[in-house]
Amino acid sequence: MKYNKVIRALLLLSVVMLATLAKGQESRTSELYRTLKARDSLVFEVGFNRCNLSPYDTLISEDLEFYHDKAGPSYGKAAFIASVQKNICSGEVKPKRELVDSSLKVFPLYSKNVLYGAIQEGVHLFYIKESNSWKHTATAAFTHVWILNEGRWRLKRVLSYDHH
């Protein structure tokens, strides 16, 4: 069982790498880039930073797979939301996430010339509030696979890695 999950993660990573070679990065002014940057903001600025998880109802895929290099994997939207509530929104110390804007890249995914998804990658910084100031605690890379289904973008796969 555990072996299958590792294989799935490696396959996902392979797909991500091949897709980035197949199509070029989207322009920062393209509609796709702006749309996914806005979705990133809903996931992190609204959900993670403000603990308003209501956007997750329509943003997160039911079969989300989240792979984290420190906390381990999480499977499904319900498990992801529960983890954010418990680990981000319920503690005495509230972390915040900040996107390194210049690092954000978006790569479209096509099937027979029809857009069906996109890969979003970048770097983000994490902070903890201490004595009325924010202390930088970690920097990490992320790769998101967004799927366009019935006109809605849903976050389907997440790789969160290189935390240091």
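The figures that follow rest on heavy atoms only: side chains count, while hydrogens, waters and symmetry mates do not.
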Task: Spacing of R157 atom CZ and I119 atom CD1 [to the nearest 0.5 Å] - done: 12.5 Å
- [ ] Would you give the length of the straight line joining atom OG1 of T137 to atom NZ of K96, rounded to the nearest 0.5 angstrom?
- [x] 11.0 Å
Open item on the list: What's the separation between atom CD in E65 and atom CG in L155, rounded to the nearest 0.5 Å?
Closed with: 11.5 Å
Open item on the list: Evaluate L32 against W153 for side chain to side chain contact (heavy atoms under 4.5 Å, CB included), listing each step before the verdict.
Closed with: CA-CA 10 Å; L32 176 60; W153 286 100; 3.5 Å; yes
Open item on the list: Do H163 and H68 make a side-chain contact, defined as non-hydrogen atoms from C-beta onward lying under 4.5 Å apart?
Closed with: yes
- [ ] List, by chain and number, the other hydrophobic cluster members for V100, where Ile, Leu, Val, Met, Phe, Trp and Tyr join if side-chain heavy atoms come within less than 4.5 Å, directly or indirectly.
- [x] V123, L125, Y127, W134
Task: CA sep, side-chain torsions, deciding dist, call: V106, W146, side chain to side chain contact (heavy atoms under 4.5 Å, CB included) - done: CA-CA 10 Å; V106 173; W146 291 88; over 6 Å; no
TODO: Show the numbers, then the answer: is there a side chain to side chain contact (heavy atoms under 4.5 Å, CB included) between L148 and Y116?
DONE: CA-CA 5 Å; L148 183 59; Y116 74 89; 5.7 Å; no
Show me the donor-acceptor pairs within less than 3.5 Å that the side chains of residues 37-47 make with the rest of the protein, sequence neighbours left out.
unit_1: K37; atom_1: NZ; unit_2: D101; atom_2: OD1; d: 2.3
unit_1: D40; atom_1: OD1; unit_2: R97; atom_2: NH2; d: 3.0
unit_1: D40; atom_1: OD2; unit_2: R97; atom_2: NH1; d: 2.8
unit_1: E45; atom_1: OE1; unit_2: N49; atom_2: ND2; d: 3.0

TODO: State whether the number of non-hydrogen atoms from other residues, nucleotides or ligands found under 6.0 Å of K105 atom NZ is greater than 12.
DONE: no
Task: Gap between atom CZ of F142 and atom CD of E121 - 0.5 Å precision - done: 8.5 Å
Task: Partner residues of D69 under the salt bridge (Lys or Arg N to Asp or Glu O under 4.0 Å) criterion, sequence neighbours left out - done: none
Task: Atom pair NE2/CD of H124 and E98 - distance to nearest 0.5 Å - done: 11.5 Å
Listing, residues 79-90 side-chain donor-acceptor contacts under 3.5 Å, not counting sequence neighbours, or none:
unit_1: S83; atom_1: OG; unit_2: N87; atom_2: ND2; d: 3.1
unit_1: N87; atom_1: ND2; unit_2: S83; atom_2: O; d: 3.2
unit_1: S90; atom_1: OG; unit_2: Q85; atom_2: O; d: 2.5

- [ ] Identify, with sequence neighbours excluded, every residue that meets side chain to side chain donor-acceptor pair (under 3.5 Å) alongside H164.
- [x] none
Open item on the list: I'd like to know if the side chain of R154 and the backbone of T58 have a donor-acceptor N/O pair within less than 3.5 Å.
Closed with: yes
Task: Cation-aromatic face contact K94/F48, 6.0 Å, 45 degrees - done: yes
Open item on the list: Apply the hydrophobic cluster definition, ILVMFWY joined by side-chain contacts under 4.5 Å directly or through others, and give me every member besides V93.
Closed with: I128
Task: Within 6.0 Å of CZ in R152, more than 12 heavy atoms from elsewhere - done: no
- [ ] Drop me the distance from R28's CZ to S102's OG, to the nearest 0.5 angstrom.
- [x] 7.0 Å
Open item on the list: Treating K77 as the side-chain partner and L64 as the backbone partner, does any N or O pair qualify as donor plus acceptor under 3.5 Å?
Closed with: no
Open item on the list: Within the structure provided, determine whether L104 and Y33 are in side-chain contact (heavy-atom separation under 4.5 Å).
Closed with: yes
Open item on the list: Is there a side-chain contact between F66 and S160 in this structure, where contact means two heavy atoms from C-beta onward sitting under 4.5 Å apart?
Closed with: yes
